[in-house]
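Order of listing sets the numbers, starting from 1, for every ligand and every atom in it. Along the sequence shown, residues carry numbers from 1.
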Amino acid sequence: MSVKADPCSQPSLMHPDQAIALLLEQVSPVSDTEVVPLPQALGRVLAENLASCIDLPPFDNSSMDGYALRFADLNTQTNRTSLRLIGSAFAGHGFEGKAKANTCVRIMTGAPVPVGYDTVQMQEETEVQGELVLINHPKGKGANVRCKGEELTQGTKVLTAGIQIGAAELGVLATIGVSQVRVYRQLKVAFFSTGDELRPVGSELAPGQIYDSNRYSIQGLLSRANVEWIDLGVIADDPEAIRQAFRTAASQADMVLTSGGVSVGEADFTKQILDEEGQITFWKLAIKPGKPFAMGRIGKAVFCGLPGNPVSSMVTFYKLVWPILNKMQGLTPVTPLMLDAILTTPVRKHPGRVEYQRGVLSRNTQGELEVAITGSQGSGMLTSMSLANCFVLLEQFQGDTPAGSKVTVEPFNAVLC
Ligand code: AMP
Ligand code: MG
């Protein structure tokens with residue numbers, strides 16, 4: 001990996017947008033692909049462009065329950081015409097006969113429009129009178145008919161390589177009869193927490209100890225990011241234990257992700273070991289919560305070191321690691337949704353860093369979007385993340401912001417929900 005910038009040598013903090021661009025330069029997408037059956041394709045990244053091998057819909061069919069008819073038979077002067085009923089067409093069981101002048105066929109939604117008919121009159125605008133059906137106020141020729149190929153014609157591109165397969169894409173693939181797809185191989189991420197004070201859940205806490213929460217939030221984030229994860233537990237602040245954990249992680253994974261041990265004073269072990277075993281760069285970012293972040297390489301694996309404070313580790317994962325993972329997964333980048341909202345609580349902020357305060361976005365009685373900050377914004381207070389449904393994005397040199405101001409919000413997306 002070529003490390004182009006040395007952010008530590010920079011007197012000022014680096015803007016996160018600039019950092020993301022530099023970080024992304026240091027990773028490449030996986031090239032290995034595999035073919036998976038449709039039910040296993042959810043969340044995977046499509047590795048091929050897909051064209052439809054059929055017309056969609058494959059045949060003219062009715063979009064309503066009603067009567068198939070020939071528009072030419074209708075009296076457009078009186079807007080009322082009686083037609084003779086000669087049969088029925090059901091979804092999956094078409095009408096076998098042919099159209100005759102001044103006749104109609106009872107037709108259900110999804111049934112093929114019988115040969116020779118061109119229009120469907122919805123049931124609610126008809127009256128059945130014995131063998132006859134009175135057609136009232138017909139719409140134009142072709143009404144309520146979904147024409148063969150109107151959505152897609154055979155050979156049209158349907159899905160593009162680099163998209164993430166979601167529920168809609170699974171349905172689209174099934175619609176065109178695809179039973180398996182080529183996707184990029186799933187990334188493996190090995191992660192561990194560092195810190196002598198950390199204990200796993202399920203154990204007793206001695207004085208000065210806390211539960212390791214980051215491993216669980218990271219596990220959740222990695223699951224949502226659709227990567228395979230390997231949990232290597234809590235590693236003590238001990239150089240040899242950390243060295244061993246790095247080696248184990250790097251031998252198994254495409255990315256080694258750690259939390260803690262990258263802030264001033266603590267970084268020494270991580271730095272010393274990665275200087276010996278690989279490469280590391282420390283980044284001081286103009287981002288709050290966050291600021292310290294480390295990236296490097298160990299063996300063939302990319303290394304990302306998140307700060308230990310629980311909110312900082314989630315925010316830096318979301319803002320920095322997730323885009324890195326997306327690129328490595330072969331995903332085409334998607335611009336996050338940003339909205340304007342009216343702030344209902346004042347915000348305290350010192351100019352200097354881009355802040356991602358946690359907020360609750362809602363619509364007020366006038367129909368406007370408004371956002372309230374979720375109380376205290378300490379970088380250790382993880383409840384501020386769980387109460388929130390969006391980030392309130394405050395620019396680097398912005399200061400305190402009064403209630404009533406217009407602010408930019410970034411709703412939590414699938415990785416954070
Ligand atoms: P560090 O980045 O290691 O200096 O840790 C910063 C703060 O985050 C300290 O208060 C740590 O106790 C806390 N912390 C570090 N790792 C974790 C973790 N895995 N879970 C919860 N808190 C953590
Ligand atoms: Mg620590």
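Here salt bridge (charged side-chain N to carboxylate O under 4.0 Å, His left out) pairs that include residues 402-417, with residues two or more places apart or in two chains, are Lys319-Glu410, Asp340-Lys406.
Residue contact check: Asp212 has heavy atoms under 4.0 Å from atoms 18 (C), 19 (N), 20 (N) of ligand 1. Each of the following atoms of ligand 1 lies closer than 4.0 Å to a heavy atom of Ser259: 19 (N). Per-residue contacts place Tyr211 under 4.0 angstrom from the following atoms of ligand 1 (heavy atoms of the residue considered): 20 (N), 21 (C). Under a 4.0 Å criterion applied to the non-hydrogen atoms of Ser193, ligand 1 contributes the atoms 19 (N). Atoms of ligand 1 found under 4.0 Å from any heavy atom of Gly261 (numbered from 1 in listed order, with element): 1 (P), 2 (O), 3 (O).
In this structure, Glu197 counts as a contact residue of ligand 1, since one of its heavy atoms falls inside 4.0 Å of the ligand. The closest approach between any non-hydrogen atom of Gly380 and ligand 1 is not below 4.0 Å.
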Exercise answer: donor-acceptor pairs, residues 202-210 side-chain atoms, under 3.5 Å, sequence neighbours excluded:
from	atom 1	to	atom 2	distance (Å)
Ser203	OG	Pro200	O	2.6
Gln209	OE1	Ala206	N	2.7

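When non-hydrogen atoms are compared, ligand 1 lies under 4.0 Å from the side chain of Ile210 (C-beta onward) but not from its backbone. With a 4.0 Å cut-off on non-hydrogen atoms, Pro310 touches ligand 1 through its side chain and not its backbone. The backbone and the side chain of Ser213 each have at least one atom closer than 4.0 Å to an atom of ligand 1 (non-hydrogen atoms only).
Remark: the Glu368 side chain and the Thr365 side chain contain no N/O donor-acceptor pair separated by less than 3.5 Å. In this model, a donor atom of one side chain and an acceptor atom of the other lie less than 3.5 Å apart for Asn364 and Glu370. Between the side chains of Gln121 and Asn144, not a single donor N or O lies within less than 3.5 Å of an accepting N or O.
Taking the centre and axis of the six-membered ring of Phe391, the NZ or CZ atom of Arg358 falls outside the cone set by 45° and 6.0 Å.
Between Ser263 and ligand 1, at least one N/O pair is under 3.5 Å apart. Considering backbone and side-chain N/O atoms, Leu198 never comes within less than 3.5 Å of an N/O atom of ligand 1.
The two atoms that bring Gly166 and Leu42 nearest to each other are C-CD1, 3.7 Å, heavy atoms only.
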Salt bridge (charged side-chain N to carboxylate O under 4.0 Å, His left out) evaluation trace for Arg199 with Asp212: CA-CA 6 Å; Arg199 283 289 166 271; Asp212 169 17; over 6 Å; no

